Amino acid sequence: MAKRVSQHRIFDLTVTLIVIAILCTLRSALLPVGDEAIPNVSTPIGHLLQTVQQQVPFLAAIIWALSIIVAGLNAGRYGVRLSLYPAYTLMGITLFGVVATAVMTSSDYLLSAASMAVMLLATKYMQRCIMRSGSYSDLSLSMLYFGLLPLIYAPAALLYVAMPLLVLVARASWRDELVTLGSLFFPPAALCYWSWCAGKGFTEPAIEIYNSMLTASEFSFFGTINPASVLLLGVLLVMAMCAVTLIISDKYSLKVKARVAMRFNALMLLLLVGMFLLPSCTATQFALLAVPASMMLPLIFVRMGVGFTETLYRLLLLAAALNCVVMCL
């Protein structure tokens, strides 16, 4: 097993993540391309973050770059700490940075950073619930963060419908489902109660969340990508297909709990890709995609041949660098 595992030192991966975060942030701040500059649809918390960014745009870009570095390091650490993989790997560190920033980056830095942080925390507690504790407290915390996400990023309102179904895949119990529903809908319910206390309609925030999800942001995915980003997305797609194949077909690749966690990550990744079809979607979607991708894709580096995975990894970094250069031209 050890001879087949790609060896990557944490120092090399961290430096790569820092370089990706800094270069992609500078590129998006100085030379936004296509629909990267299109703002996100207004949400209760997202509107506040957008207002703050208008006051301190330079500081917002710095916060975004730092959040990518911190989130990438934590994503790699969670995979090892929770024993998601059958062997030691920190490849999630670099993969997080590539997915979150290298394809395209939304100019709504604070909103993207907040959405990414909430998504990472929600996934962390869900993985810990599956792999370690099995407690209702971790499940409840995860659902609270998932329920908070639509108040920041409009397309995430789809989670209110999809998340109870995803939890059934991981923890098929009526008690778990009750905890899921109660914690998931607590943030919007609290917002509705606040609205009612302020003299407005009780359901007004819920209607606003629904309308925000269906409001067109005028973001065009195919109008923003270029041949280099198509190559980058192609490499990521190959990695994702290989990881899903390992999860489904190789019964010896993962332990029972790890397989459940990976199945949850794969379905979450599929759901987030489907959010691109919503009219309110923007480039912020890649910041959310980075979380389940960085948890699932490292599996191929410990279960597939070194030659194949190293070739994919180098091609991934080459495509990311090429895409950054093309967007600057």
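This one's a predicted model, so the numbers in the text were calculated from it and none came from an experiment.
Criterion: ILVMFWY side-chain heavy atoms under 4.5 Å apart, direct or through other members. Under it, Ile22 and Val70 are not part of a common hydrophobic cluster. With hydrophobic clusters built from ILVMFWY side chains whose heavy atoms lie under 4.5 angstrom apart, Val260 shares a cluster with Val302. Under the 4.5 Å side-chain heavy-atom criterion for grouping Ile, Leu, Val, Met, Phe, Trp and Tyr, Leu246 is connected to Phe308 within one hydrophobic cluster. Cluster membership check: Leu66 does not share its hydrophobic cluster with Met119, using side-chain heavy-atom separations under 4.5 Å among Ile, Leu, Val, Met, Phe, Trp and Tyr. Note: the hydrophobic cluster containing Val52 also contains Met116 (ILVMFWY, side chain heavy atoms under 4.5 Å, direct or indirect links).
No side-chain heavy atom of Cys129 sits under 4.5 Å from any side-chain heavy atom of Leu141. Using a 4.5 Å heavy-atom threshold, the side chains of Val98 and Leu232 count as touching. At least one side-chain heavy atom of Leu288 sits less than 4.5 Å from a side-chain heavy atom of Leu149. The closest side-chain heavy-atom distance from Gln50 to Asn40 is below 4.5 Å. Within the 4.5 Å cutoff, no side-chain heavy atoms of Met163 are placed close to those of Leu158. Contact annotation: the side chain of Val230 never approaches that of Pro227 to less than 4.5 Å [non-hydrogen atoms, C-beta and beyond]. At least one side-chain heavy atom of Leu148 sits under 4.5 Å from a side-chain heavy atom of Ile45. Residues Met104 and Phe219 have side chains in contact (heavy-atom distance under 4.5 Å, counting atoms from C-beta outward).
Every pair passing salt bridge (charged side-chain N to carboxylate O under 4.0 Å, His left out) that includes a residue from residues 26-50 is listed here, sequence neighbours excluded: Arg27-Glu36. For residues 20-62, there are no ring pair (Phe, Tyr, Trp, His ring centres under 6.0 Å) pairs, not counting sequence neighbours. A ring pair (Phe, Tyr, Trp, His ring centres under 6.0 Å) check over residues 169-189, counting only residues at least two apart or in different chains, returns the pairs Tyr160-Phe185. Among residue pairs with one or both ends in residues 114-136, those qualifying as salt bridge (charged side-chain N to carboxylate O under 4.0 Å, His left out) are Arg128-Asp138; sequence neighbours excluded. Contacts classified as ring pair (Phe, Tyr, Trp, His ring centres under 6.0 Å) and involving residues 227-249 (residues at least two apart or in different chains) are not found. For residues 278-300, the ring pair (Phe, Tyr, Trp, His ring centres under 6.0 Å) pairs, not counting sequence neighbours, are Phe276-Phe286.
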**Report entry** CA sep, side-chain torsions, deciding dist, call: Leu95, Leu316, side chain to side chain contact (heavy atoms under 4.5 Å, CB included)
**Finding:** CA-CA 9 Å; Leu95 292 173; Leu316 180 74; 3.5 Å; yes
Report task. Evaluate side chain to side chain contact (heavy atoms under 4.5 Å, CB included) for Arg9 paired with Thr14, printing each intermediate quantity in order. Result -> CA-CA 9 Å; Arg9 296 180 300 177; Thr14 302; over 6 Å; no
Requested in this report: Start with the C-alpha gap between Thr284 and Ser112, add the side-chain angles, then the distance that decides, and say whether side chain to side chain donor-acceptor pair (under 3.5 Å) holds.
Outcome: CA-CA 5 Å; Thr284 298; Ser112 298; 2.9 Å; yes
Query raised in the report: When you look at Met143 and Val167, which way does the side chain to side chain contact (heavy atoms under 4.5 Å, CB included) test go after all the steps?
Result: CA-CA 10 Å; Met143 293 303 111; Val167 172; 3.9 Å; yes
**Report entry** side chain to side chain contact (heavy atoms under 4.5 Å, CB included) assessment of Asp108 paired with Thr282
**Finding:** CA-CA 10 Å; Asp108 265 346; Thr282 64; over 6 Å; no
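To the nearest 0.5 Å, the span separating OH on Tyr125 from OG on Ser137 amounts to 9.0 Å. Atom OH of Tyr145 is separated from atom CG of Leu184 by 14.5 Å, given to the nearest 0.5 angstrom. Once rounded to the nearest 0.5 Å, the distance linking CG of Leu315 with CG of Leu236 reads 10.0 Å. Rounding to the nearest 0.5 Å gives a distance of 13.5 Å between CG of Leu139 and CZ of Arg175. Of the inter-residue distances, the one linking Thr25 atom OG1 with Ile63 atom CD1 reads 12.0 Å to the nearest 0.5 angstrom. Once rounded to the nearest 0.5 Å, the distance linking OG of Ser294 with CZ of Phe96 reads 5.5 Å.
Heavy atoms only, all atoms of each residue included: Leu181 and Pro164 are closest at CD2-CG, 3.7 Å. Nearest approach of Ala154 to Val41, heavy atoms of both residues: CB-CB, 4.1 Å. Smallest separation of non-hydrogen atoms from Thr309 and Met304: CG2-CB, 3.9 Å. Summarising the geometry of Cys242 relative to Ile300, their closest heavy-atom pair is CB-CG2, 3.8 Å, with the distance given to 0.1 Å. Smallest separation of non-hydrogen atoms from Leu151 and Gly147: CG-O, 4.3 Å. The two residues Pro150 and Ala156 have their closest heavy-atom pair at CG-O, 3.3 Å.
By the side-chain contact (heavy atoms from CB on, under 4.5 Å) test, Val80 pairs with Tyr88, Leu90, sequence neighbours left out. Phe202 is linked by a side-chain contact (heavy atoms from CB on, under 4.5 Å) to Cys192, Tyr193, Trp196, counting only residues two or more places apart in sequence or in another chain. With sequence neighbours excluded, the residues forming a side-chain contact (heavy atoms from CB on, under 4.5 Å) with Thr101 are Ile20, Cys24, Trp64, Ile68, Thr105, listed by chain and number. Annotation: side-chain contact (heavy atoms from CB on, under 4.5 Å) contacts of Glu218 (sequence neighbours excluded): Ile38.
With Asn323 contributing its side chain and Ala228 its backbone, the two residues share no donor-acceptor pair below 3.5 Å. Here the side chain of Ser195 pairs no donor or acceptor atom with the backbone of Leu191 at under 3.5 angstrom. One N or O on the side chain of Thr43 and one on the backbone of Ile152 form a donor-acceptor pair closer than 3.5 Å. Here the side chain of Thr89 pairs no donor or acceptor atom with the backbone of Tyr85 at under 3.5 angstrom. Remark: the backbone N or O of Met91 is not paired with any side-chain donor or acceptor of Thr94 at under 3.5 angstrom. Ser217 places a side-chain N or O within donor-acceptor distance of the main-chain N or O of Pro279, the cut-off being under 3.5 Å.
For Ser28 and Tyr109, the side-chain atoms include at least one donor-acceptor pair closer than 3.5 Å.
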Atom pairs and distances, donor-acceptor, side-chain atoms in residues 206-215, under 3.5 Å, two or more places apart:
residue, atom, partner, partner atom, Å
Asn211, ND2, Ile207, O, 3.2
Ser212, OG, Ser42, O, 3.1
Ser212, OG, Glu208, O, 2.8
Thr215, OG1, Asn211, O, 2.5

When the side chains of residues 262-272 are checked against the rest of the protein, which donor-acceptor pairs come out under 3.5 Å, sequence neighbours left out?
residue, atom, partner, partner atom, Å
Asn265, OD1, Gln127, NE2, 3.1
Asn265, ND2, Gln127, OE1, 3.4
Asn265, ND2, Ala261, O, 3.3

